[in-house]
Student: 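Have a look at the structure that comes next, please.
All residue numbers in this chain count up from 1 along the given sequence. Predicted, not measured: the structure shown is a model, and the values here were computed from it.
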Amino acid sequence: HNVAEEIGQSPQQGPFNAALAQASGGAVMVLDEEIKPFSRMWCLFEISRLKELQRPFELICSEGSLSQPDTCGQQVVSTKMLEATCKALWNMSAANAQSSVATDKYKIWAEIANKSIKNAIGGWGAQSYFE
């Protein structure tokens with residue numbers, strides 16, 4: 001089992017991307033109480049790809065759906081969890097996201113950065129970090 005071979009030269013070549021591309025029904029992200037996925041680089045890549053692919057995306061936690069926090073007039077997701085999720089989304093940053101493999105972080109940055117940021121970084125001569 002060689003993770004580097006499975007992922008390929010870029011995140012676009014990896015199994016996560018292939019699965020997302022075929023997921024016509026979208027994807028679900030399960031959040032824990034610490035809302036860790038928003039601080040993980042691979043999770044941010046998956047969110048970015050779902051947006052590009054125009055696939056549905058659902059956030060859920062142990063209490064239920066965060067996109068439909070009340071059902072039939074009854075709140076099923078606590079205010080505490082909703083507030084924590086909003087705070088995590090507000091503070092979400094690919095610049096601060098973690099990756100267990102440093103090169104993955106740079107490759108994913110290259111994939112998800114908007115064009116103006118890519119151009120600015122390239123102008124600073126930092127493109128080698130993204131290869």
Side-chain angles (χ1 to χ4, degrees):
H1 174 63
N2 185 337
V3 176
E5 283 180 18
E6 288 179 19
I7 292 173
Q9 293 297 312
S10 76
Q12 296 279 359
Q13 296 174 344
F16 295 112
N17 189 56
L20 293 172
Q22 295 178 20
S24 60
V28 172
M29 181 176 283
V30 180
L31 300 179
D32 59 3
E33 291 164 355
E34 296 176 7
I35 311 171
K36 288 288 187 186
F38 295 152
S39 66
R40 302 293 305 162
M41 186 56 86
W42 275 104
C43 294
L44 299 183
F45 170 74
E46 292 170 9
I47 293 168
S48 175
R49 286 298 295 146
L50 286 165
K51 181 181 176 193
E52 287 177 18
L53 295 167
Q54 299 180 340
R55 301 286 196 264
F57 176 62
E58 177 81 21
L59 291 174
I60 63 171
C61 67
S62 61
E63 299 173 16
S65 170
L66 290 162
S67 60
Q68 298 178 5
D70 56 25
T71 304
C72 300
Q74 294 193 3
Q75 186 169 349
V76 293
V77 178
S78 68
T79 302
K80 179 181 176 183
M81 185 62 181
L82 291 171
E83 288 174 349
T85 303
C86 287
K87 182 178 178 181
L89 283 167
W90 182 260
N91 293 317
M92 183 174 62
S93 167
N96 298 325
Q98 301 167 359
S99 176
S100 55
V101 178
T103 55
D104 285 355
K105 184 172 186 172
Y106 297 121
K107 288 177 183 179
I108 293 170
W109 274 349
E111 293 288 340
I112 66 175
N114 70 36
K115 290 179 183 172
S116 61
I117 291 175
K118 286 182 187 180
N119 291 338
I121 290 171
W124 296 331
Q127 63 267 31
S128 63
Y129 289 108
F130 299 115
E131 297 171 352

Student: Ignoring hydrogens and angles, tell me if any N or O in the side chain of Trp42 forms a donor-acceptor pair with the backbone of Ser99 under 3.5 Å.
Tutor: no
Student: How far does CG of Leu53 sit from CD of Gln22, to the nearest 0.5 angstrom?
Tutor: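 The distance works out to 11.0 Å.
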Student: State yes or no: do Ile60 and Leu20 share one hydrophobic cluster built from I, L, V, M, F, W and Y residues joined by side-chain heavy-atom distances below 4.5 Å, directly or via other members?
Tutor: no
Student: Answer with yes or no whether the side chains of Glu58 and Ser67 bring together a donor and an acceptor at under 3.5 Å.
Tutor: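 Per modelled atom types, Ser67 and Glu58 side chains form a pair under 3.5 Å.
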Student: Test Lys87 against Ile35 for side-chain contact (heavy atoms from CB on, under 4.5 Å), laying out the working first.
Tutor: CA-CA 10 Å; Lys87 182 178 178 181; Ile35 311 171; over 6 Å; no
Student: Quick one, Ser62 and Asp32 - any side-chain contact, counting heavy atoms below 4.5 Å?
Tutor: no
Student: How far does CD of Glu34 sit from OG of Ser39, to the nearest 0.5 angstrom?
Tutor: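 Separation between the atoms: 9.0 Å.
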Student: Give the C-alpha distance, both sets of side-chain angles, the deciding distance and a yes or no for salt bridge (Lys or Arg N to Asp or Glu O under 4.0 Å) between Arg49 and Glu52.
Tutor: CA-CA 5 Å; Arg49 286 298 295 146; Glu52 287 177 18; 2.5 Å; yes
Student: Considering only heavy atoms from C-beta outward, does the side chain of Val77 approach that of Ser65 to under 4.5 Å?
Tutor: no
Student: With side chains defined as the heavy atoms from C-beta onward, is the minimum distance between Asp104 and Met41 less than 4.5 Å?
Tutor: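 Of all side-chain heavy-atom pairs linking Met41 with Asp104, none is under 4.5 Å.
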Student: Start with the C-alpha distance between Asn91 and Phe38, add both sets of side-chain angles, then the distance that settles side-chain contact (heavy atoms from CB on, under 4.5 Å), and finish with yes or no.
Tutor: CA-CA 9 Å; Asn91 293 317; Phe38 295 152; over 6 Å; no
Student: Considering non-hydrogen atoms only, spot the tightest contact between Ala27 and Leu50 and give its length.
Tutor: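 Scanning both residues completely, I find the closest heavy atoms to be CB-CD1, 3.7 Å.
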Student: Under 6.0 Å from the CD atom of Glu33, do we count more than 12 heavy atoms belonging to anything else shown?
Tutor: no
Student: Linking I/L/V/M/F/W/Y whenever their side-chain heavy atoms sit closer than 4.5 Å, directly or via other members, would Tyr106 and Ile108 fall into one cluster?
Tutor: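 Tyr106 and Ile108: one cluster.
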Student: Which heavy atom in Ser24 sits nearest to a heavy atom in Pro56, and how many Å separate them?
Tutor: O-CD, 4.1 Å
Student: For residues Met81 and Leu66, determine if any side-chain heavy atom of one lies less than 4.5 Å from a side-chain heavy atom of the other.
Tutor: yes
Student: Do Leu44 and Phe57 share a hydrophobic cluster, counting only Ile, Leu, Val, Met, Phe, Trp and Tyr and linking them when any side-chain heavy atoms are less than 4.5 Å apart?
Tutor: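 Result: yes, single cluster for both.
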Student: With a 4.5 Å cut-off on side-chain heavy-atom distances among I, L, V, M, F, W and Y, is there a chain of contacts connecting Met29 to Leu89?
Tutor: yes
